[in-house]
Amino acid sequence: MLRKLFLSLLLAAGCLPLSAARPGFTLWQLPPQGPSQMNSYVIRTDAGRVAVIDGGTAADAPYLRGFLAALGNRVEWWFVTHPHVDHMGALTEILRSPGGIEIGTVWQSPMSDAQLDTDLNRRKPADAYLEALAASGLHVENLTEPGREMRLDGLHLKVLQVNDTATLVNAYNNASIVLRLWDKRKSLLMLGDTGEESGDRLLRSVPREELDCDYIQMAHHGQMGVREEFYRTVRFRACLWPTPLWVWNNDVGEGYDTAWMKTPETRRWMDEKGITEHHCAWQGLVKIE
Ligand SMILES: [Fe+2]
């Protein structure tokens, strides 16, 4: 109470920047700019420093460039959850042609050759991303163990899971880095495209209190990600859906739930769990403070 009063007096007297009295971060979920599903989150600490998780497809790059320019064109941390084009396509474009964007460190969890070879169509763009990254000369940190805790101003971050090179089933999605982000106001669990096997590993290896959160990023765009058991086990109050409308409705022109996506099933799980707060990328830019 006294500390709060002291801080407000200092703030009123202009002795403190606003960020000192409100330490934390804002997270934006960016909307897709093309037809593809994508995963793109931008974080700005209250002191003005920026981090990115993924960034979306090549079609999302121009919007992302504008967004980052408005925040000062410098990204301290860029996390690539896994090398699928809907996650690193925009970054690949930016690496090839930065256009004024400075990047401090790129964080990734490398896949083995055997894992990359499990999908030869997707290996090509993954190799192109890795080539662009190597050519950029940027500082790269390869995460091979979970557990690393990091702090950027008021942003706390913990790496809960990294790629397990022994996993060859659904290898790209299961390679997803899983992050916990938090400040004094909120916590978020960012699952990337975590699949069933990787979700099971999370439940086995991470204490429940580190999985429980305010906001959960729905795995693999909200369908065919982690199992129902994962969503039943973890406690959360709101969902972030990196999901375009056609995936949300499983509709490619023939009507609701007529295509191959399983999103309506995940939506039903959330209804049964009693979750009513949903933030969907198809609705536009989402801001979490
Ligand atoms: Fe994805």
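Start at 1 and go down the list; that is how both ligands and their atoms are numbered. What's counted below: heavy atoms across the whole structure, side chains too, no hydrogens, waters or symmetry copies. Everything numeric in this text was worked out from a predicted model, so none of it was measured.
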* Got a sec, which residues hit ring-ring contact (aromatic ring centres under 6.0 Å, His included) with Tyr129, two or more places apart in sequence or on another chain? -> none

* **Those residues that, when tested against Phe67, pass ring-ring contact (aromatic ring centres under 6.0 Å, His included) (two or more places apart)** => Trp28

* Asked: Between Arg185 and Asp46, is there a salt bridge with N-O shorter than 4.0 Å?
  -> yes

* Short N-O contact, Lys186 and Asp214, less than 4.0 angstrom -> no

* Among the protein atoms near the Fe ion (ligand 1), how many are N, O or S and lie under 2.8 Å away? -> 4

* CG of Asn173 to NE2 of His87: how many Å apart, nearest 0.5 Å? -> 7.0 Å

* Contacts of type salt bridge (Lys or Arg N to Asp or Glu O under 4.0 Å), residue Arg208, not counting sequence neighbours -> Asp212

